[in-house]
Protein chains: 2
Amino acid sequence: MDIAPPATGAADGTVGKALDVLDMVALHGRPVRFSELLAEGRFPKATLYRLLQTLTNQGMLAYDPERQSYAPGMRLVRLAHSAWRQSSLAPVARPHLDALAALVGETVHLAQLDTGQVLYVDKRNARQPVEMFSQAGKVGPAYCTGVGKAMLAFLDESELARALTRQSFHRFTQHTLASPAELTTELTAIRARGHAFDREEHEPGIICVALPILTQGNRVLGALSVTSTTERTSLTSLEALVPKIKETAARIAAEAESWRFPEQDTKGGR
Amino acid sequence: MDIAPPATGAADGTVGKALDVLDMVALHGRPVRFSELLAEGRFPKATLYRLLQTLTNQGMLAYDPERQSYAPGMRLVRLAHSAWRQSSLAPVARPHLDALAALVGETVHLAQLDTGQVLYVDKRNARQPVEMFSQAGKVGPAYCTGVGKAMLAFLDESELARALTRQSFHRFTQHTLASPAELTTELTAIRARGHAFDREEHEPGIICVALPILTQGNRVLGALSVTSTTERTSLTSLEALVPKIKETAARIAAEAESWRFPEQDTKGGR
DNA sequence: AAACTAAGTTTCACATACTGGAACCACTAG
DNA sequence: CTAGTGGTTCCAGTATGTGAAACTTAGTTT
């Protein structure tokens, strides 16, 4: 809904292309026809055809001959399980998120960074029961969300540079920081302050405070945010929650680190 | 825990190999070192190295330079999400599963077929609160589980033939059907009867009734099962639940079909 | 400190297997 | 029957992926 064209980096090799096709299918969010994918113009007919075939053979896509359309396959669903468990903070953070949500009574987000984009991996709604995976998994822009900025602010220089190239800087509201320059200034402030705000930068009326989740060595693992509306509360009162959030973040970090934890989004330089 | 070596079909092309590597990493269930993967002996050193590199570049894997290990990457998590949403029955079935679980008070499983293996996509434990994704995602053998047999029984000939090749027929208990012949006979019976049992074929003491979830056109979408133990109940009393389960299956099928629905596991013939 | 070993990375000549234009098929519509 | 759309197959050319082997780092041992 927000997110610009996949901004696929230089797709290396056949594998890269195949994965792009996977993305294309997944992004559509419903069974897609060959021609629809073709129309995207990313690949020549024959090539696209072959890639789809390969992915289907591999069970990463499923082809419905009746409707003549492709959808994500079962193998992907299976992979989903281990990916989710291992690589997201969600399982580790779950109890802490619960506690925080109960404490603050507002919507709480847990996010991680994926190729310069924010990936929401878990969420608690103020009231409703935990509706897990169906809520998580959304992606959003990093430069105009609390969690996004909180994470960007604590990246090291090279990581930040790379993340910045991936931003598309669309002006969602009149408060959106719509240039790298503005953003960089803001990030410095956030780094100094320790937490980030969303001042209706993404959606009017929506505000939030966000804190990064950092390892001992200050590596960014993810971010937490508490979101509300201008009607219900103000930035100042949200800011009062910072200590609580910080504590939660610290707990999650400690646990994640004491367990095992992979770096995300840091590829070999080349 | 049950599942034999990934039984990877003829890995076509580079993409196939890359996906195999993905599986290898995902299967390990924790960050893996290069050498561990190498030790599996599936690929020569250099090849494995390059594949890992590519996958890492693509964000499908994440490399932690500190621990020198690979884990599923954020991009995979993201893909996982859409796969889960679109291609599993889980989201559609959720309310119906809830209802059924509440009604019967036993453990309820929702499964689908993936390359001749059973993939559990959702589950309700008798008592405990819904612990969603963390429970789902497991795979198991098809030939000795209620859900597995229920689905196999309603496949058409060619699908069944393909699925049978994928089975490895390990004798788990003394009741396990350990040959294609025995299984085929059983499947005919199931098809006639409309539901399948698990008579302690997989684990001693564990029994269940299972029904397939079928489209109008009798295509297999998945299966439902109610599981219990020989201590708590008997096959006969489980059989009494069949009508309820059937009804739930029908509801799920109707909803899934009226929505959109992809075929799973049916690749183009070739 | 030199001599091993294990783990990871890079090279390079070779051929596999990917590419994509174009031709082909199967329908449906005009 | 002719044109058109949507999908599948061919095939020569070559880009790409292959994997044995050589090479770097660390980390141990003598």
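Per chain, numbering begins at 1; letters A, B, ... match sequence-line order.
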Inter-axis angle, terminal five-pair segments of the helix from C/dT10-D/dA21 to C/dG30-D/dC1 [nearest 10°]: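 So the angle between the two local helix axes works out to 30°.
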Presence of A/Gln68 side-chain N/O under 4.0 Å of D/dG7 phosphate oxygens OP1/OP2: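 Yes, because at least one side-chain N or O of A/Gln68 sits under 4.0 Å from OP1 or OP2 of D/dG7.
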Phosphate-side-chain proximity, A/Tyr49 and D/dG7, N/O vs OP1/OP2 below 4.0 Å: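 Checking A/Tyr49 against D/dG7: no side-chain N or O falls below 4.0 Å of OP1 or OP2.
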Are any of the side-chain nitrogens in [X] or [Y] under 4.0 Å away from the carboxylate oxygens of its partner?
{"X": "A/Glu157", "Y": "A/Arg162", "value": "no"}
{"X": "A/Arg219", "Y": "A/Asp156", "value": "no"}
{"X": "A/Asp122", "Y": "A/Arg94", "value": "no"}

Would you mind reading off the distance between [X] atom [atom1] and [N] atom [atom2], rounded to a whole angstrom?
{"X": "B/Leu38", "N": "C/dA7", "atom1": "CG", "atom2": "C1'", "value": "10 Å"}
{"X": "B/Leu48", "N": "D/dT18", "atom1": "CG", "atom2": "P", "value": "11 Å"}
{"X": "B/Leu37", "N": "C/dA6", "atom1": "CG", "atom2": "P", "value": "19 Å"}
{"X": "A/Arg33", "N": "D/dT8", "atom1": "CZ", "atom2": "P", "value": "11 Å"}
{"X": "B/Asn57", "N": "C/dT9", "atom1": "CG", "atom2": "P", "value": "13 Å"}
{"X": "B/Phe34", "N": "C/dA6", "atom1": "CZ", "atom2": "P", "value": "16 Å"}
{"X": "A/Gln53", "N": "D/dC10", "atom1": "CD", "atom2": "C1'", "value": "14 Å"}

Parallel, tilted or perpendicular: ring planes of B/Phe172 versus B/Tyr143, cut at 30 and 60 degrees: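 Ring orientation of B/Phe172 relative to B/Tyr143: parallel.
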Plane angle bin for B/Tyr120 and B/His109 - parallel if under 30°, tilted between 30 and 60°, otherwise perpendicular: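 Aromatic pair B/His109/B/Tyr120 classed tilted.
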Where protein sits on nucleotides 13-30 of chain C, one letter per nucleotide: B base, S sugar-phosphate only, - none, heavy atoms under 4.0 Å: -----SBBB---------
Interatomic spacing from CD1 in B/Ile252 to CD1 in B/Ile213 - rounded to 0.5 Å: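 Result: 4.0 Å between the selected atoms.
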Close side-chain approach of B/Asp64 to B/Pro31, heavy-atom, < 4.5 Å: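 No, their side chains stay 4.5 Å or more apart.
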Full working for salt bridge (Lys or Arg N to Asp or Glu O under 4.0 Å) between B/Arg75 and A/Asp20: CA-CA 11 Å; B/Arg75 185 173 178 188; A/Asp20 276 359; 3.5 Å; yes
Check: B/Arg166/B/Gln117 side-chain N/O donor and acceptor closer than 3.5 Å: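 There is no such pair (donor and acceptor under 3.5 Å, judged by atom type) between the side chains of B/Arg166 and B/Gln117.
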